[in-house]
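The structure appears below as structure tokens.
Atom set for the values below is all heavy atoms of this structure, side chains included, hydrogens, waters and symmetry mates excluded. Fair warning: this is a prediction, and the values are worked out from it, not measured in the lab.
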Amino acid sequence: QVHLVESGGGVVRPGNSTRLRCKTSVPYSTMAWFRQAPGVDREYVAGISANGLRTVYADFAEGRFAISRDDAERLFVLNMDVLKPNDTARYYCAQRNGELRYGEEDYNDWGQGTQVTVSP
């Protein structure tokens, strides 16, 4: 079975940074981060290919967020810089086999999420 566990996040001031981590039981799979704020659909944040050679970012994440992976440690990381109040959401890591895709329905396995709250 695939197990994904997020950590990090918390409360951060606007303009500051935070780092989210996902510990996965399965290396070498396509990974992505999604987020969901109350009352809205879950949305794609960033993804990374199984070999780490391709990354994809949502428009709001470009230039601010950076995704990476360390398969030896089975870690999947999202660095988040210049945080804004509208980045406030619960962030989830997700896994699938095959190439990068961007829809929630394309991912098979999910962590339980971790909250990021950006507030002055």
Quick check on the hydrophobic clustering: are [X] and [Y] connected, directly or via other members, by side-chain heavy-atom contacts under 4.5 Å?
X: Val26; Y: Leu78; answer: yes
X: Met31; Y: Tyr92; answer: no
X: Ile67; Y: Tyr107; answer: no
X: Tyr102; Y: Trp110; answer: yes
X: Met80; Y: Val77; answer: no

May I ask you to test the [X]-[Y] pair for a side-chain heavy-atom distance under 4.5 Å?
X: Leu83; Y: Asn16; answer: no
X: Pro85; Y: Ser119; answer: no
X: Thr88; Y: Val116; answer: no
X: Arg101; Y: Thr30; answer: no
X: Tyr91; Y: Glu6; answer: no
X: Val5; Y: Gln112; answer: yes
X: Leu4; Y: Gln95; answer: yes

Least distance between heavy atoms, [X] atom then [Y] atom:
X: Ala37; Y: Val40; answer: O-CG2, 3.1 Å
X: Pro120; Y: Pro14; answer: N-CD, 3.6 Å
X: Ser29; Y: Asn97; answer: CB-ND2, 4.4 Å

To the nearest 0.5 Å, what is the distance between [atom1] on [X] and [atom2] on [Y]?
X: Leu20; Y: Ser7; atom1: CG; atom2: OG; value: 8.0 Å
X: Ser25; Y: Asp109; atom1: OG; atom2: CG; value: 8.0 Å
X: Glu104; Y: Gln36; atom1: CD; atom2: CD; value: 7.0 Å
X: Thr55; Y: Glu62; atom1: OG1; atom2: CD; value: 9.5 Å

Under the rule for ring pair (Phe, Tyr, Trp, His ring centres under 6.0 Å), what residues qualify as partners of Phe76, not counting sequence neighbours?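 In terms of ring pair (Phe, Tyr, Trp, His ring centres under 6.0 Å), with neighbours along the sequence ignored, Phe76 is linked to Trp33.
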
I'd like to know if the side chain of [X] reaches the main chain of [Y], judged simply by a donor and an acceptor atom lying under 3.5 Å from each other, with no hydrogens or angles considered.
X: Arg96; Y: Glu99; value: yes
X: Thr117; Y: Val11; value: no
X: Arg64; Y: Phe60; value: yes

Output field: ring centroids Tyr44/Tyr57 closer than 6.0 Å: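 For Tyr44 and Tyr57, the ring centres are not under 6.0 Å apart.
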
Answer yes or no: does atom CG of Asp41 have more than 12 heavy-atom neighbours from other residues, nucleotides or ligands under 6.0 Å?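 Check fails, neighbour count at 12 or below.
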
Going by salt bridge (Lys or Arg N to Asp or Glu O under 4.0 Å), name the pairs with one or both residues in residues 12-39, residues two or more places apart or in two chains.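 As it turns out, the salt bridge (Lys or Arg N to Asp or Glu O under 4.0 Å) pairs with a partner in residues 12-39, which skip direct neighbours, are Arg35-Glu43, Arg35-Asp87.
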
Report the C-alpha separation of Phe65 and Val45 in whole Å, then their side-chain angles, then the decisive distance to 0.1 Å, and conclude whether the side chain to side chain contact (heavy atoms under 4.5 Å, CB included) test is met. CA-CA 9 Å; Phe65 296 179; Val45 177; 3.6 Å; yes

Side chain to side chain contact (heavy atoms under 4.5 Å, CB included) evaluation trace for Thr114 with Arg90: CA-CA 5 Å; Thr114 187; Arg90 191 167 184 86; 5.7 Å; no

Under a 3.5 Å cutoff, is there a donor and acceptor pairing between the side chains of Ser17 and Asp81?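 Their side chains do contain a donor-acceptor pair, which is all the 3.5 Å distance test asks for.
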
